[in-house]
Amino acid sequence: MVPVTLMIASEEDLRLRLTGYSAKEIRRYRVARMLQEAYEQGCVLNFADVSHLIGVSAGKIGKDVNAYLTCEIIYCQNRDKNRGGEGASA
C-alpha cells in the first residue's frame, strides 16, 4: 500500500454546485480529480477504493470513469461556457 493525500471535496466542487451542475456531474468530476491526485503521488486507485471514499458503488465509479473518458464532461464545459464561465478543468 502507498499512502496518498486526496481532496475529498474542493472549492471547485462548490463552484460547480453553485453554478447549477448536477450531483452526478460533480461526482464524475470528483472521481476524475481523485484518480489524478493519486496518480500524481505514484498510486493507482481502483474503483473500490474510490467508491469507499465517496460512498457509491464501484460499478457507479466505473460508469463515471467511462463517461469522463468518453468526453461526456465536455457537455459540462460547454454548458459552463454558455453561462460565461471557464468550464470544469480536470
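The structure displayed is predicted, hence computed values, not measured ones.
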Inset, instruction - Determine the minimum heavy-atom distance between Asp13 and Ile8, stating which atoms define it. - result: OD2-O, 4.0 Å
Legend entry - Chi angles and distances behind the side chain to side chain contact (heavy atoms under 4.5 Å, CB included) call for Leu16, Glu25: CA-CA 9 Å; Leu16 292 172; Glu25 291 169 320; over 6 Å; no
Inset, instruction - Answer whether the closest heavy-atom distance between the side chains of Arg33 and Glu37 falls below 4.5 Å. - result: yes
Legend entry - Pairwise side-chain contact, Val31 with Tyr68, heavy-atom cut-off 4.5 Å (strictly under): no
Inset, instruction - Indicate yes or no: at least one non-hydrogen side-chain atom of Val50 is less than 4.5 angstrom from one of Val56. - result: no
Legend entry - Reference residue Met34; test side chain to side chain contact (heavy atoms under 4.5 Å, CB included); the match among Ile54, Ile61, Val4: Ile54
Legend entry - CD/Glu11: more than 12 non-hydrogen atoms of other groups inside 6.0 Å: no
Legend entry - Within-4.5 Å side-chain heavy-atom neighbours: Leu35 and Val44: no
Legend entry - Distance (rounded to the nearest 0.5 Å) between Tyr29 OH and Glu12 CD: 4.0 Å
Legend entry - salt bridge (Lys or Arg N to Asp or Glu O under 4.0 Å) contacts in which one or both residues fall within residues 45-66, not counting sequence neighbours: Arg27-Asp64, Arg28-Asp64
Legend entry - Pairwise distance OG(Ser22) to CZ(Arg17) - rounded to 0.5 angstrom: 7.5 Å
Legend entry - Minimum heavy-atom distance Ala58-Ser51, with the two atoms named: N-CB, 3.5 Å
